[in-house]
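Hydrogens, waters and symmetry mates are skipped; everything else that's a heavy atom, side chains included, is used. All of these numbers come straight from a predicted model, not from anything done at the bench.
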Amino acid sequence: MADQVQQQYEAYPYPARDPRDEAKRLIVGSPSDLREINHYLYRGALDLTRPLRALVAGGGTGDAAIMLAQQLANAALDARVRLKPGERFHEVVYLDLSVAARKVAEARAEARGLTNLRFVTGSLLDLPRLAPGPYDYIDCCGVLHHLPDPAAGLAALVAALKPGAGLGLMLYGAYGRRGVYELQALLRDLAPGESLAARVGLARRLLGQLPASNWFRRNPFLTDHRLSDAELVDLLLHSQDRAYRVPEILDLVAGAGLKPVSFIEPLRYAPESYGSDPDLRRRYATLAPAARWAAAEALAGSMKTHVLYATLAGEPTQAESGPDMIPQLTKNSGPELARAVAASLTLRVEVGGITLQQPLPRLAPALLQRIDGRRPLAQIFAEVAASNAALEPAALRADWDQLYAAFAGFNLLLLRRAPA
C-alpha cells in the first residue's frame with residue numbers, strides 16, 4: 001500500500017503548484033503560520049532571536065514548508081541575524097515520500113531564494129534515521145489519514161519533539177466528506193488493475209453522470225477535484241484514505257501523549273455558534289470541552305478537514321491577554337476592520353458554507369483602530385481611555401475581552417509577547 005501511495009504522488013504531485021507563482025504570492029494558512037505557532041504553542045513568547053528547528057512531515061509540493069521557511073527568513077532579517085554564506089539560522093526540514101513533489105517544492109524555494117530549507121525524501125516512520133529531532137515544531141498536514149497505522153505515525157513525530165514543543169495537525173473530517181468514500185469504492189470496483197491515468201478519465205466521466213440524488217453531487221463542500229487531476233486523484237482515487245470525527249481525533253492525540261490546545265477556527269467548534277436558542281445554548285454550556293467540540297462538528301456538518309494544535313500533555317498552552325501582549329490581526333488592518341464593523345457592531349465570517357456572527361462591544365472600533373502589530377495592550381488601553389474620560393477600567397477590559405473572544409475565535413486576532 002505504501003508503494004501505491006508513493007506511485008500516486010510521483011505521477012500526480014499534490015497539491016498542483018507552479019513555482020512561477022511564487023513571484024506574485026505566498027500561500028498562507030493553518031496550521032503552521034508562524035504567528036499561530038507562537039500564539040497556540042508558545043504563549044506568544046517564542047524567541048526568534050534563537051534558532052528554531054521545524055519539521056514538515058509530508059511536505060507535498062511545499063505549501064507549509066515554503067510558508068514557514070519564508071516567515072522564518074523574514075524573522076531572521078527582523079532580528080538582524082548575521083549569517084555566513086550558506087549558513088542557516090532557523091531551519092525547516094521538509095520530508096516526503098515523493099521525489100516529484102519534492103522537485104516542485106525545491107523549485108518554489110529556489111524561486112524565493114530560501115536557504116533555510118533542507119529537503120529529505122522518505123517516510124516519517126523512518127524519521128530517526130532520515131531527519132532525527134529534536135524539533136521545536138512539527139507540521140503534519142494531510143498525512144496521518146493516509147497511513148496504514150496513523151497512531152504509529154503520530155508516535156514517531158511525538159518522539160522527535162523537544163520538551164515544551166508542539167504540533168500542527170490536519171486530518172480529514174468525516175461529515176464534510178460525505179459521498180467521497182462511496183465513490184472511491186465504486187471506482188475501485190469499476191477499474192481493477194487499470195492505470196492511474198485511465199482511472200482519472202473514468203472518474204471524470206463518472207462525475208459527469210452522477211444522479212441528482214448522489215451524496216457526492218449534493219455535497220457543496222467538495223470542489224477541489226475541479227482544480228486539477230492531482231486534486232481529483234487525491235480525493236477519489238487514493239489507495240489509503242480515512243476520515244475522522246472529533247472524538248476519534250481526540251483519542252488519536254491522547255494515545256500519543258498529547259493534549260489538544262485548539263481546533264482552528266475555535267468558534268467553529270463552539271456549538272453555540274450555530275444557533276441562538278437560549279435553552280440549547282445553556283445545555284451546550286454544560287458539556288465537557290470534548291463533547292462541545294463534537295456537538296459543533298455534528299451541527300455544522302460541513303467540516304471536511306480538522307486543523308488542530310496539540311502539545312505534550314502537561315506543557316503550557318496558548319497565549320492569554322496581558323498588558324505586555326501585542327495583538328496582531330491575521331487579515332486586514334485595524335483601521336479597515338474598525339470602519340467595517342462601526343455601524344453594526346457585528347463580526348460576520350463565512351466558514352464552511354455558513355455565515356457565523358458574533359456581537360461586538362461599543363468600543364470595538366476604537367480598539368481595532370489601534371491594533372497595528374506593534375502596540376502592546378497597555379498602550380492601546382491607555383490611548384482608548386484617554387479619549388473616553390468617563391470610561392471605567394473594568395468596562396474597557398470587558399469590551400476588550402468581548403472583542404478578543406470574537407476575533408480570536410475566528411483566528412483573526414493572535415497575541416505575541418512584547419520583546420524584553
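- Ion pairing of D96 with R102 is absent here, as no side-chain N (NZ or NE/NH1/NH2) approaches a carboxylate O to less than 4.0 Å.
- M170 and P31 get closest at one heavy-atom pair: CB-CD, 4.4 Å.
- Between the side chain of N38 and the main chain of A45, a donor-acceptor pair closer than 3.5 Å is present.
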Report task. Apply the test side-chain contact (heavy atoms from CB on, under 4.5 Å) to residues Y172 and L144: give CA-CA distance (whole Å), side-chain angles for both, the deciding distance (0.1 Å), then the verdict. Result -> CA-CA 9 Å; Y172 287 153; L144 296 177; over 6 Å; no
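- Using modelled atom types, one finds no donor on one side chain facing an acceptor on the other under 3.5 Å when comparing D3 with Q7.
- With sequence neighbours excluded, the residues forming a ring pair (Phe, Tyr, Trp, His ring centres under 6.0 Å) with F263 are Y269, W293, listed by chain and number.
- Judged purely by distance below 3.5 Å, without hydrogens or angles, the side chains of S30 and E36 pair a donor atom with an acceptor atom.
- Of the possible polar contacts, none joining the R43 side chain to the E320 backbone as a donor-acceptor pair under 3.5 Å is found.
- Note that CG of L414 and CG of L329 are 9.0 Å apart. Values are rounded to the nearest 0.5 Å.
- From H145, atom NE2 reaches atom CG of L252 across 12.0 Å, with rounding to the nearest 0.5 Å.
- Note on residues 383-392: pairs passing side chain to side chain donor-acceptor pair (under 3.5 Å), not counting sequence neighbours, are R370-E383, R375-E383, Q379-E383.
- Residues Q4 and Q240 form no side-chain contact, since every pair of their non-hydrogen atoms from C-beta on lies 4.5 Å or further apart.
- Contacts of E91 classified as salt bridge (charged side-chain N to carboxylate O under 4.0 Å, His left out), with partners at least two apart in sequence or in another chain: R53, R88, R118.
- By the 4.5 Å heavy-atom criterion applied to side chains, R242 and L171 are not counted as neighbours.
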Query raised in the report: Please walk me through it: do V261 and L41 pass side-chain contact (heavy atoms from CB on, under 4.5 Å)?
Result: CA-CA 8 Å; V261 175; L41 298 176; 4.2 Å; yes
Report task. Carefully, step by step, assess R112 and E22 under the rule salt bridge (charged side-chain N to carboxylate O under 4.0 Å, His left out). Result -> CA-CA 7 Å; R112 289 185 167 274; E22 298 307 311; 2.6 Å; yes
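- Between the side chain of E10 and the backbone N or O of V99 there is at least one donor-acceptor pair closer than 3.5 Å.
- Atom NZ of K331 has 12 or fewer neighbouring heavy atoms from other residues, nucleotides or ligands inside a 6.0 Å radius.
- Salt-bridge formation is not detected for the pair R268/E297: no Lys NZ or Arg NE/NH1/NH2 atom is positioned less than 4.0 Å from an Asp or Glu carboxylate oxygen.
- For H39, the ring pair (Phe, Tyr, Trp, His ring centres under 6.0 Å) criterion is met by no residue, not counting sequence neighbours.
- Inter-residue side-chain proximity for L237 and Q184 is flagged as unmet; no heavy-atom pair is nearer than 4.5 Å.
- Looking at every heavy atom in both residues, F221 comes nearest to K304 through O-NZ, 2.8 Å.
- Checked against ring pair (Phe, Tyr, Trp, His ring centres under 6.0 Å), F119 has the following partners two or more places apart in sequence or in another chain: Y94.
- Considering only heavy atoms from C-beta on, I138 stays 4.5 Å or farther from L169 through its side chain.
- Salt bridge absent: D47 and R417 never bring a charged side-chain N and a carboxylate O closer than 4.0 Å.
- More than 12 heavy atoms of other residues, nucleotides or ligands lie within 6.0 Å of CZ in R25, so this atom counts as buried by the packing criterion.
- The shortest side-chain heavy-atom distance between L48 and L34 falls under the 4.5 Å cut-off.
- Side-chain atoms of D277 come within 3.5 Å of backbone N or O of L280 as a donor-acceptor pair.
- Here the side chain of R281 pairs a donor or acceptor atom with the backbone of E272 at under 3.5 angstrom.
- Side-chain contact check for F381 versus R397: some heavy-atom pair is nearer than 4.5 Å.
- Without hydrogens or angle criteria, D224 side chain to L235 main chain gives no donor-acceptor distance under 3.5 Å.
- When side chains are defined from C-beta on, L236 counts as touching L207, because their heavy atoms get closer than 4.5 Å.
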Requested in this report: Assess whether side-chain contact (heavy atoms from CB on, under 4.5 Å) is satisfied between V180 and W215, documenting all intermediate values.
Outcome: CA-CA 8 Å; V180 168; W215 279 112; over 6 Å; no
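- Judged by distance alone, with hydrogens and angles left aside, the side-chain atoms of Y309 form a donor-acceptor pair with the main-chain N or O of S32 at under 3.5 Å.
- Counting heavy atoms from C-beta outward, P376 and D324 have side chains that stay 4.5 Å or more apart.
- Proximity of a side-chain donor or acceptor of Q402 to a complementary backbone N or O of D399 within less than 3.5 Å is not detected.
- Taking the salt bridge (charged side-chain N to carboxylate O under 4.0 Å, His left out) definition, one finds that R204 meets it with D229, sequence neighbours left out.
- The ring pair (Phe, Tyr, Trp, His ring centres under 6.0 Å) check on Y9 picks up H238, with sequence neighbours excluded.
- Listed by chain and number, the residues in a salt bridge (charged side-chain N to carboxylate O under 4.0 Å, His left out) with D279 are R282, R283 (sequence neighbours excluded).
- Minimum interatomic distance between G44 and A319 (heavy atoms only, all atoms of both residues): N-CB, 3.8 Å.
- The line from CD1 of I37 to CG of L72 is 7.5 Å long, rounded to the nearest 0.5 Å.
- Among residues two or more places apart in sequence or in another chain, the salt bridge (charged side-chain N to carboxylate O under 4.0 Å, His left out) test is passed with R226 by none.
- Between A191 and R199, the shortest heavy-atom distance links the atoms CB-CG, 3.6 Å.
- The side chain to side chain contact (heavy atoms under 4.5 Å, CB included) check on L206 picks up L183, L186, L187, L210, with sequence neighbours excluded.
- Here the closest non-hydrogen pair linking L345 and P361 is CD2-O, 3.4 Å.
- Of all the heavy atoms in A270 and A296, the pair that sits closest is N-CB, 3.7 Å.
- Residue pairs meeting the side chain to side chain donor-acceptor pair (under 3.5 Å) criterion with at least one member in residues 344-356, sequence neighbours excluded: R348-Q357.
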Scan the side chains in residues 54-69 for donor-acceptor partners under 3.5 Å anywhere in the protein, sequence neighbours excluded, and list what turns up.
residue: T61; atom: OG1; partner: P15; partner atom: O; Å: 2.6
residue: D63; atom: OD1; partner: R17; partner atom: NE; Å: 2.9
residue: D63; atom: OD1; partner: R108; partner atom: NH1; Å: 2.8
residue: D63; atom: OD1; partner: R108; partner atom: NH2; Å: 3.3
residue: D63; atom: OD2; partner: R17; partner atom: NE; Å: 3.3
residue: D63; atom: OD2; partner: R17; partner atom: NH2; Å: 2.7

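- Atom OH of Y404 sits about 12.0 Å away from atom CG of L412, to the nearest 0.5 Å.
- Checked by atom type and distance alone, the side chain of H90 never pairs as donor or acceptor with a backbone atom of P51 at under 3.5 Å.
- Distance check: L267 CG to S273 OG gives 4.5 Å after rounding to the nearest 0.5 Å.
- Between I354 atom CD1 and Y274 atom OH the span is 5.5 Å, to the nearest 0.5 Å.
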